[in-house]
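Because the structure is predicted, anything quoted here is derived from the model rather than measured. Order of the sequence lines sets the chain letters (A, B, ...), proteins ahead of strands, with each chain counted from 1.
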There are 2 protein chains.
Amino acid sequence: MSTTELTPAEMAERTGVSIDTLRYYEREGLLSNVARADSGHRRYSDDDALWVEVLRCLRDTGMTIEQLRRYCDLGAQGDYTEPERRRILTDHRALVEAQIEERHIALALIDHKLSFYSNDEEESG
Amino acid sequence: MSTTELTPAEMAERTGVSIDTLRYYEREGLLSNVARADSGHRRYSDDDALWVEVLRCLRDTGMTIEQLRRYCDLGAQGDYTEPERRRILTDHRALVEAQIEERHIALALIDHKLSFYSNDEEESG
DNA sequence: CAACAACCTGGACTGCACTCCAGGTCAACC
DNA sequence: GGTTGACCTGGAGTGCAGTCCAGGTTGTTG
């Protein structure tokens, strides 16, 4: 339903993903059916922008390009792939929860180490 | 105070860090003064093992080798570097907190996407 | 003492996820 | 109509963090 058309530069600005990376994602099959102007230049839709934000979210939490490609390929293949797609997401969900746990442990360790340093505050110059 | 001496294989087993990576960390200055047997073979102490676990914890939460080297170098330089070491840790602490926050957002996004899939459970075969 | 495993060194290689480049096209403005 | 800037393509290059390898030494075991 979105009519907005974003140029590559606008898309990069909006999503925080570089133009090169946007092209890379497209090449790798993570982003398909990107519209083109008569000139051949890409025109991204709002939906493309939302999807790229999802991609970034999953990438930033450790999903690999390979896994994302698999997920996208399944989506293109039809409804019958839903179970596997759901499984990919639930697996990744578990990974993210493990990462959170791991990071809580890291916070405790950092705090422990910090407690060994002298307690007087110091203004940084 | 630790008298235990661990061979490279035992150290790898204990810390979950490969022998090659242990040597790599040593080369990069993240692990110094590793003892040697008369044969020239490394003998790691319990303290080395604890420190490697700290290294892994920081690495796994995104601290780079470069930053870890900096931290180690400072430690070797004396007490007057404490403020900077404390700063490195507090900076990294903030990063880890941001990562936790980011991951909570990711969980919400994953759950949102999962909610679009049919709600009936499916036994995996 | 032969052979085998574990270790040593310096240096080359790998995989991942980008990132950059050359050479060319398109649109707009002067 | 020439130049400027955004964009195009295919392919090469980068940086990080390991990981692997060749060629050699040590030390244990039959």
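Side-chain N/O atoms of Thr7(A) include one lying less than 4.0 angstrom from OP1 or OP2 on dC7(D). Between Arg56(B) and dG18(D), a side-chain N or O to OP1/OP2 separation shorter than 4.0 Å is present.
In this structure, CD1 of Ile19(B) is placed 16 Å from P of dG18(D), rounded to the nearest angstrom. Protein atom CD of Glu26(B) is 17 Å distant from nucleotide atom C1' of dA17(D), rounded to whole Å. We find that CE of Met11(B) is positioned 17 Å from C1' of dC8(C), with the value rounded to whole Å. Atom C1' of nucleotide dC18(C) and atom CZ of Arg23(A) are separated by 12 Å, given to the nearest angstrom. Distance OH (Tyr24(A)) to C1' (dC18(C)): 6 Å, rounded to an integer number of Å. In this entry the distance linking OH of Tyr25(B) with C1' of dA17(D) reads 8 Å, nearest Å. Taking atom CG on Leu6(B) and atom P on dA6(C), their separation rounds to 16 Å, with Å as the unit.
Taking the side chain of Thr21(B) as heavy atoms from C-beta on, and the options dC8(D), dG18(D), dC20(D), the nearest nucleotide is dG18(D). Nearest nucleotide to the side chain of Arg42(B), out of dA17(C), dC8(C), dT26(D): dC8(C).
In terms of position on DNA chain D, the residue among Arg59(B) and Asp38(B) whose nearest nucleotide sits closer to the 5' end is Arg59(B). Each of Ser18(B) and Ala9(A) lies near DNA chain D, and the nucleotide nearest Ala9(A) is the one positioned closer to the 5' end.
Taking a 4.0 Å limit (strictly below) on heavy-atom distances, residues 64-75 of chain A reaches DNA chain C at Thr64(A), Ile65(A).
The two residues Ala49(B) and Thr15(B) come nearest to each other via the heavy atoms O-CG2, 4.0 Å.
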Could you go step by step and tell me if Thr61(B) and His92(B) meet the side chain to side chain donor-acceptor pair (under 3.5 Å) rule?
-> CA-CA 9 Å; Thr61(B) 54; His92(B) 188 65; 2.8 Å; yes
